[in-house]
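Nothing here was measured: the structure is a model prediction, and the numbers come from that model.
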Amino acid sequence: MSWARRAGLAEPVILLSFDCDTDRDAEAAVRVQEYLQKFGMTAFYAVPGELLETYWGEYCKLLDLGAQFVNHGYRRHADINEMTGKPFSTFTYCNVPDDVWKEDILLGHDVLTKLTGTPPTVFRTPHFGEFNKKEQLSKMYSFVASLGYRVSSSTKPVFGMLNGSVYNCGEGLVELPLNGCLSKPAQLMDSWGFLSAPDALGKKKLLRELESYRKLFEAKLPIVLNLYFDPADIVNEPDVLHALSCFSGFSCITLDDCEFLSLAHTAK
């Protein structure tokens, strides 16, 4: 909150995004956004270009529901284990040459531009927690900035703890780190860690963390909640969806909100 006060943030704000990494997320994403729209809430969806092409008949519905897309690369980078029903990684930027992940970003950019008619300006790396070394981020920031991107939301909560909820990362680009838990700030608050992982912390703990944030919002404290889930993880979890809807009375902004992004230039 000290960063928010220095930046001049006047009210609590929530930024919602969803990572759609597997086949099961397409229909789920539409259902989640239909629910959120009832409460006037919008969101960004990070979908690999390969999945966008395959399921565009579903994903295009998100545009009519007021949602927007994040470039999440092109290649599928996760699949579902048929035995456990759990997702697993199939591709990550952290163990491939630079030219491979750069091509993946370009292909994702081209697909989104072709399908939506608008070049994307927000990027999120696949499995972003695996691509957070200083050198990796520096190269990625420079590359996406050269493509005209204004925003990255690709870093773990510790980056927000160190730098603030929105900060400059050079060449006209700003970074929006994801939030951690209030009870354990370095713990990413996402559906993988709480609902889907083999050692998931559990839905009850997730609901408690969301309720803790809601109480701070109710107190009108100037805080930022940058939150993301996988749609398939929560679409059949009415308690989690309801917990998200409880933030509808507050400022739900987009990842490319100009006024919010300008705080990167005011907070030091």
Side-chain angles (χ1 to χ4, degrees), residues 1-19 32 36 39-46 67-68 70 122 124 128-129 132 150-169 173-195 201 203-230 234 239-268:
M1 282 186 287
S2 60
W3 170 89
R5 292 193 175 97
R6 291 198 308 273
L9 186 67
E11 61 180 352
V13 297
I14 180 170
L15 302 92
L16 279 179
S17 58
F18 296 90
D19 282 17
V32 167
L36 294 175
F39 300 91
M41 302 178 76
T42 188
F44 269 71
Y45 289 78
Q68 299 181 62
V70 172
V122 183
R124 173 172 292 160
F128 61 86
N132 272 186
R150 299 173 53 235
V151 181
S152 165
S153 186
S154 301
T155 50
K156 296 182 291 187
V158 66
F159 287 80
M161 296 161 61
L162 293 172
N163 303 306
S165 297
V166 52
Y167 59 89
N168 288 308
C169 44
L173 193 76
V174 300
E175 173 66 34
L176 305 177
L178 278 297
N179 272 76
C181 302
L182 288 174
S183 64
K184 190 177 180 181
Q187 169 70 53
L188 181 66
M189 193 161 68
D190 68 340
S191 57
W192 167 255
F194 282 86
L195 301 176
L201 298 171
K203 183 171 69 173
K204 288 184 178 179
K205 288 186 177 180
L206 173 60
L207 293 173
R208 283 202 297 269
E209 293 295 339
L210 288 170
E211 176 63 10
S212 296
Y213 269 107
R214 190 195 63 80
K215 288 179 179 178
L216 294 183
F217 273 58
E218 289 283 358
K220 301 187 185 304
L221 295 177
I223 59 172
V224 177
L225 177 56
N226 187 3
L227 188 63
Y228 96 102
F229 292 128
D230 292 355
I234 68 169
D239 291 349
V240 177
L241 291 171
H242 174 71
L244 292 180
S245 73
C246 288
F247 290 92
S248 63
F250 305 99
S251 181
C252 181
I253 64 175
T254 61
L255 296 180
D256 60 353
D257 183 275
C258 291
E259 184 176 355
F260 180 69
L261 296 181
S262 71
L263 299 182
H265 304 287
T266 58
K268 304 295 183 184

How about [X] and [Y]: do any of their side-chain heavy atoms sit closer than 4.5 Å?
| X | Y | result |
| --- | --- | --- |
| Leu206 | Phe229 | yes |
| Lys203 | Leu195 | yes |
| Phe39 | Leu244 | no |

Option among Leu225, Ile14, Leu188, Asp190 that satisfies the side chain to side chain contact (heavy atoms under 4.5 Å, CB included) test with Asn179: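 Output: one option passes, namely Leu225.
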Candidate list Thr42, Ile253, Thr254, Leu178, test side chain to side chain contact (heavy atoms under 4.5 Å, CB included), partner Leu15, passing option: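 So the option named by the test is Ile253.
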Suppose we screen for side-chain hydrogen bond (donor to acceptor under 3.5 Å, both in side chains). Which residues come up paired with [X], at least two apart in sequence or across chains?
| X | result |
| --- | --- |
| Lys156 | none |
| Asp230 | none |
| Asn132 | none |
| Ser153 | Arg124, Asn226 |

Verdict with reasoning, Ser17 to Val70, per side chain to side chain contact (heavy atoms under 4.5 Å, CB included): CA-CA 9 Å; Ser17 58; Val70 172; 5.6 Å; no
Under the salt bridge (charged side-chain N to carboxylate O under 4.0 Å, His left out) test, residues paired with Lys205 that sit two or more places apart: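 By the salt bridge (charged side-chain N to carboxylate O under 4.0 Å, His left out) rule, Lys205 matches no residue at all.
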Gap between atom CG of Asn163 and atom CH2 of Trp3 - 0.5 Å precision: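 It comes to 11.0 Å.
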Atom pair CZ (Arg150) and CG (Leu255), whose distance is rounded to the nearest 0.5 Å: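 Atom-to-atom, Arg150:CZ and Leu255:CG are 11.0 Å apart.
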Quick one: list whatever passes side-chain contact (heavy atoms from CB on, under 4.5 Å) with [X], sequence neighbours left out.
| X | value |
| --- | --- |
| Glu175 | Tyr141, Ser152, Ser154, Thr155, Tyr167, Cys169, Pro177 |
| Ser212 | Leu182 |
| Cys181 | Ser183, Gln187, Met189, Phe194, Glu209 |
| Pro12 | Phe217, Ile223, Phe250 |

ring-ring contact (aromatic ring centres under 6.0 Å, His included) partners of Tyr45, counting only residues at least two apart: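 With sequence neighbours excluded, Tyr45 shows a ring-ring contact (aromatic ring centres under 6.0 Å, His included) to Phe18, given in chain and number order.
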Inter- and intrachain pairs under salt bridge (charged side-chain N to carboxylate O under 4.0 Å, His left out), touching residues 211-229, at least two apart: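 Residue pairs with at least one partner in residues 211-229: Glu211-Arg214, Arg214-Glu218.
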Residue pairs, two or more places apart or on separate chains, that pass salt bridge (charged side-chain N to carboxylate O under 4.0 Å, His left out) and touch residues 250-263: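 Counting only pairs at least two positions apart or across chains, no salt bridge (charged side-chain N to carboxylate O under 4.0 Å, His left out) contact touches residues 250-263.
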Least distance between heavy atoms, Pro157 atom then Ala186 atom: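 Shortest heavy-atom contact: CG-O, 4.2 Å.
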Which atom of Met41 lies closest to which atom of Ser245, heavy atoms considered: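 Closest approach of Met41 to Ser245, heavy atoms only: SD-CA, 4.0 Å.
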Main-chain N/O of Ala264 paired to Asn168 side chain as donor or acceptor, under 3.5 Å: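 Side chain of Asn168 to backbone of Ala264: a pair is present.
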Verdict with reasoning, Leu261 to Val166, per side chain to side chain contact (heavy atoms under 4.5 Å, CB included): CA-CA 7 Å; Leu261 296 181; Val166 52; 4.3 Å; yes
Tyr213 vs Leu227, side chain to side chain contact (heavy atoms under 4.5 Å, CB included): CA-CA, chis, key distance, verdict: CA-CA 11 Å; Tyr213 269 107; Leu227 188 63; over 6 Å; no
Cys252 vs Phe247, side chain to side chain contact (heavy atoms under 4.5 Å, CB included): CA-CA, chis, key distance, verdict: CA-CA 8 Å; Cys252 181; Phe247 290 92; over 6 Å; no
